[in-house]
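Notes for the one structure printed next.
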Amino acid sequence: MESGSSSSSKLERNAMEKKRRMEMKVQLSKLASLISTEQTAKERMPPDVLLDKATSYVKKLKENVEQLKQRKEDMAGGAMLPVLALREHMDSTLEVNLITELNKNFMLYEVISVLEEEGADVVGASYSTVGNKIFYTIHSQVYI
């Protein structure tokens with residue numbers, strides 16, 4: 001009976017190994033889809049190359065995070081102006097928020113001209129002054 005139990009445990013080990021390899025293949029495929037470019041997506045990369053690319057990609061992301069943290073710290077020390085924010089709403093409206101310094105020459109019509117050149121209809125614009133900053137808000141309708 002020993003041989004029967006050893007062959008069944010060998011079958012179990014083989015099945016477990018096959019399952020492990022399949023899971024590894026699935027995970028490597030997921031990794032490839034996350035880091036691949038259009039060019040590399042068409043070709044299957046060997047696992048060592050894929051892991052090398054993934055490592056480089058993670059290092060690059062880490063560097064980007066550090067740069068963004070530094071920019072955030074720099075901005076916390078004193079806001080770098082002008083600041084521009086765009087918000088696209090579900091109803092095809094676009095809101096442009098702009099903050100500039102009061103003593104800087106800024107031409108609001110230039111921003112409005114760019115929006116109109118890009119196909120937006122400006123439906124309203126307003127501004128308010130707080131301290132030495134001017135807050136502009138431009139509302140426009142975007143037709144697709």
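FYI, side chains are in, hydrogens and waters are out, and symmetry mates aren't considered; it's all heavy atoms of this structure.
With sequence neighbours excluded, the residues forming a side chain to side chain contact (heavy atoms under 4.5 Å, CB included) with Val122 are Ile112, Leu115, Glu116, Ile138, Ser140, listed by chain and number. Legend: residues meeting side chain to side chain donor-acceptor pair (under 3.5 Å) with Asp52, ordered by chain and number and at least two apart, are absent. In this structure Ser113 satisfies the side chain to side chain donor-acceptor pair (under 3.5 Å) test with no other residue, sequence neighbours excluded. Applying the side chain to side chain donor-acceptor pair (under 3.5 Å) rule to Thr55 yields no partners; only residues at least two apart in sequence or on another chain are considered. Considering only residues two or more places apart in sequence or on other chains, Leu84 meets the side chain to side chain contact (heavy atoms under 4.5 Å, CB included) condition with Val96, Leu98. Residues satisfying the side chain to side chain contact (heavy atoms under 4.5 Å, CB included) criterion with Phe135, sequence neighbours excluded, are Ile99, Ser128, Val130, Lys133. When the side chain to side chain contact (heavy atoms under 4.5 Å, CB included) test is applied to Ser126, the partners found at least two apart in sequence or on another chain are Thr137.
Val114 and Leu108 are members of different hydrophobic clusters when ILVMFWY side chains are connected at heavy-atom separations under 4.5 Å. Tracing side-chain contacts under 4.5 Å through hydrophobic residues (I, L, V, M, F, W, Y), one never reaches Val58 starting from Leu50; they form parts of separate clusters. The cluster map of Ile, Leu, Val, Met, Phe, Trp and Tyr, joined by side-chain heavy atoms under 4.5 Å apart, puts Tyr127 and Leu86 in the same cluster.
Annotation: the span from Leu31 atom CG to Lys53 atom NZ amounts to 11.5 Å, rounded to 0.5 Å. Ile35 contributes atom CD1, which lies 12.0 Å from atom NZ of Lys60 (distance to the nearest 0.5 angstrom). Taking OG of Ser92 as the reference point, atom CG of Asp121 lies at 12.0 Å (rounded to 0.5 Å). Remark: Leu94 CG to Glu118 CD distance equals 11.0 Å, nearest 0.5 Å.
When all heavy atoms of Val142 and Ala120 are compared, the pair lying nearest together is CG2-CB, 4.3 Å. Closest of all the heavy-atom pairs between Gly131 and Leu102 is O-CD2, 4.0 Å.
Annotation: side-chain hydrogen bond (donor to acceptor under 3.5 Å, both in side chains) contacts involving residues 16-31, sequence neighbours excluded, comprise Glu17-Arg20, Glu23-Gln27.
Tyr109 belongs to a hydrophobic cluster whose other members, connected by ILVMFWY side-chain contacts under 4.5 Å either directly or through intermediates, are Met107.
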* Candidate pair Asn97 and Arg87, rule side chain to side chain contact (heavy atoms under 4.5 Å, CB included), full reasoning -> CA-CA 8 Å; Asn97 296 300; Arg87 290 190 185 99; 2.5 Å; yes
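Test Gln67, Lys69, Glu63 against Val65 for side-chain contact (heavy atoms from CB on, under 4.5 Å) and you get one pass: Lys69.
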